Amino acid sequence: MQYWLMKSEPDVFGIDDLKKVKTEPWDGVRNYQARNMMRDQMKKGDKIFFYHSNCDVPGIVGVMKVAKEAYPDHTALNPEGKYYDSKSSEDNPRWFMVDVAFVKKFKRTISLAELKEQKALVDMPLVRKGNRLSIMPVGESEWEYILNML
DNA sequence: GCCAACGTTGGC
DNA sequence: GCCAACGTTGGC
């Protein structure tokens, strides 16, 4: 079992949206590092922190899990869509996605500011300056530590 | 293969 | 809205 963190802008798709729909294809990832993690490492049942970015209080808001392992992100094939990539094709898909399922929403947001204060978490890419990775692995000890902050 | 220009992310 | 950090693109 591995642990992850995935970012999303709540204005676009937040934890409440996921709670409503239960499962959701995590489409639109257009970063190779993030793609590789989804395609090569994420396994069904892996747990994921849901992180809200670009909002009033950025931070971790809940937990989800991998419901379906990586498959081609078809939004790359739609010329009308905002995730279109002309270099991707049906035969040779460039981008992949996983399906995620809602697990729980925390009673409160564990804010980025709070996470940054934790000495135990200084090695997390999340709290490092300039980090732009939208999907990142979380160590088991970090996972437990963060849950204990609730 | 280098690197400048440009676009995007995301905190503040 | 600003801007730092970083990834991607494209000329050479």
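Letters A, B, ... are given to chains in the order of the sequence lines, protein chains preceding strands, and every chain is numbered from 1. Just so we're clear, the structure is a prediction, and the values are computed from it rather than from any experiment.
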Problem set entry | Start and end of chain A contact along DNA chain B [non-hydrogen atoms, under 4.0 Å] | dG7(B) to dC12(B)

For this session: Taking atom CG of Asn148(A) as the centre, report whether more than 12 heavy atoms of other residues, nucleotides or ligands fall under 6.0 Å from it.
Result: yes

Exercise. Do Ser53(A) and Pro58(A) have side-chain heavy atoms sitting under 4.5 Å apart?
Worked result: no

For this session: On the 0 to 90° scale, with breaks at 30° and 60°, tag the Phe49(A)-Trp143(A) ring pair as parallel, tilted or perpendicular.
Result: parallel

Problem set entry | Chi angles and distances behind the side chain to side chain donor-acceptor pair (under 3.5 Å) call for Thr75(A), Arg30(A) | CA-CA 11 Å; Thr75(A) 63; Arg30(A) 298 291 179 268; 3.1 Å; yes

Seminar exercise, completed: The residue, Asn131(A) or Asn54(A), whose nearest nucleotide of DNA chain C is more 5′ is Asn54(A)

For this session: Let me see the working for Asp99(A) and Trp26(A) under side chain to side chain donor-acceptor pair (under 3.5 Å), right down to the final yes or no.
Result: CA-CA 6 Å; Asp99(A) 286 358; Trp26(A) 204 264; over 6 Å; no

